[in-house]
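Structure in structure tokens, see below.
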Amino acid sequence: MPLEDLNQQIKNCRKCSLWQNANNAVVGEGPANAEIMLVGQNPGAEEDKTGRPFIGRAGKFLNKVLAENSIAREKVFITNTVKHLTPQNRKPSPDEVAACVPYLVEQVKLVKPKIVVLMGAVAWQAPRVEGVEYLETVHPSAAMRFTKMRKRFQEDFKTLRNRIEILQKK
Ligand code: URA
């Protein structure tokens with residue numbers, strides 16, 4: 001199935017009730033053959049308005065850390081575990097994650113990135129696709145707020161930079 005068909009399925013999804021509250025499903029963006037995939041929790045208000053992932057405050061912080069590691073955002077596929085906004089930006093429930101996470105698995109199978117970065121505890125729950133390397137880090141919103149988390153996030157992105165260089169040579 002092409003990525004566009006999957007995107008259409010996500011936009012039409014009624015498997016949980018989050019769509020009722022949302023302006024847009026935020027399917028994700030990036031090249032269909034990206035080597036790196038970044039996965040957050042779920043879109044916030046700005047992402048819901050525009051239909052694009054990580055464009056609010058957390059997104060600006062993410063952009064900065066990507067740039068510091070010479071990783072071009074346009075070359076990365078960026079998505080979320082849950083594709084719709086949640087009320088008051090609460091954590092998605094286990095049922096909502098279970099309903100939505102198969103779309104993420106499909107995205108990984110279609111894009112076939114070399115490495116998937118799971119950002120935050122909700123994303124860590126994603127089932128792993130064989131043959132793909134996974135890196136767990138904290139969520140950029142937490143990294144923005146807490147020094148210890150920020151250090152970990154920055155270290156993990158350095159690791160990402162190093163791993164992708166190694167994987168590209170393979
Ligand atoms: N936080 C997320 O987890 N995802 C977004 O797209 C924006 C903020």
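All ligand and atom numbering here is 1-based and tracks the order in the structure. For the single chain, residues carry numbers from 1 onward in sequence order.
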Does the distance from a Lys or Arg side-chain N to an Asp or Glu carboxylate O, for Arg73 and Glu29, drop under 4.0 Å? yes
Say whether, by atom type as modelled, one donor and one acceptor occur between the side chain of Asn89 and the main chain of Leu85 under 3.5 angstrom. no
Which parts of the protein, at residue level, reach under 4.0 Å of ligand 1 through a heavy atom? Gly40, Gln41, Asn42, Pro43, Glu47, Pro53, Phe54, Asn80, His139
Applying side chain to side chain contact (heavy atoms under 4.5 Å, CB included) to Leu167 and Arg163, what does each step give before you reach the verdict? CA-CA 6 Å; Leu167 294 170; Arg163 279 305 297 161; 3.6 Å; yes
Please find the pair of heavy atoms, one from Asp48 and one from Pro43, that lie closest to each other, and give the distance. N-CB, 4.5 Å
Taking the basic N atoms (NZ, or NE/NH1/NH2) and the acidic carboxylate oxygens, is any pair closer than 4.0 Å for Glu96 and Arg90? yes
Quick one: does any side-chain atom of Arg150 pair with a main-chain N or O of Met144 as donor and acceptor, under 3.5 Å?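 Such a contact is found between Arg150 side chain and Met144 backbone.
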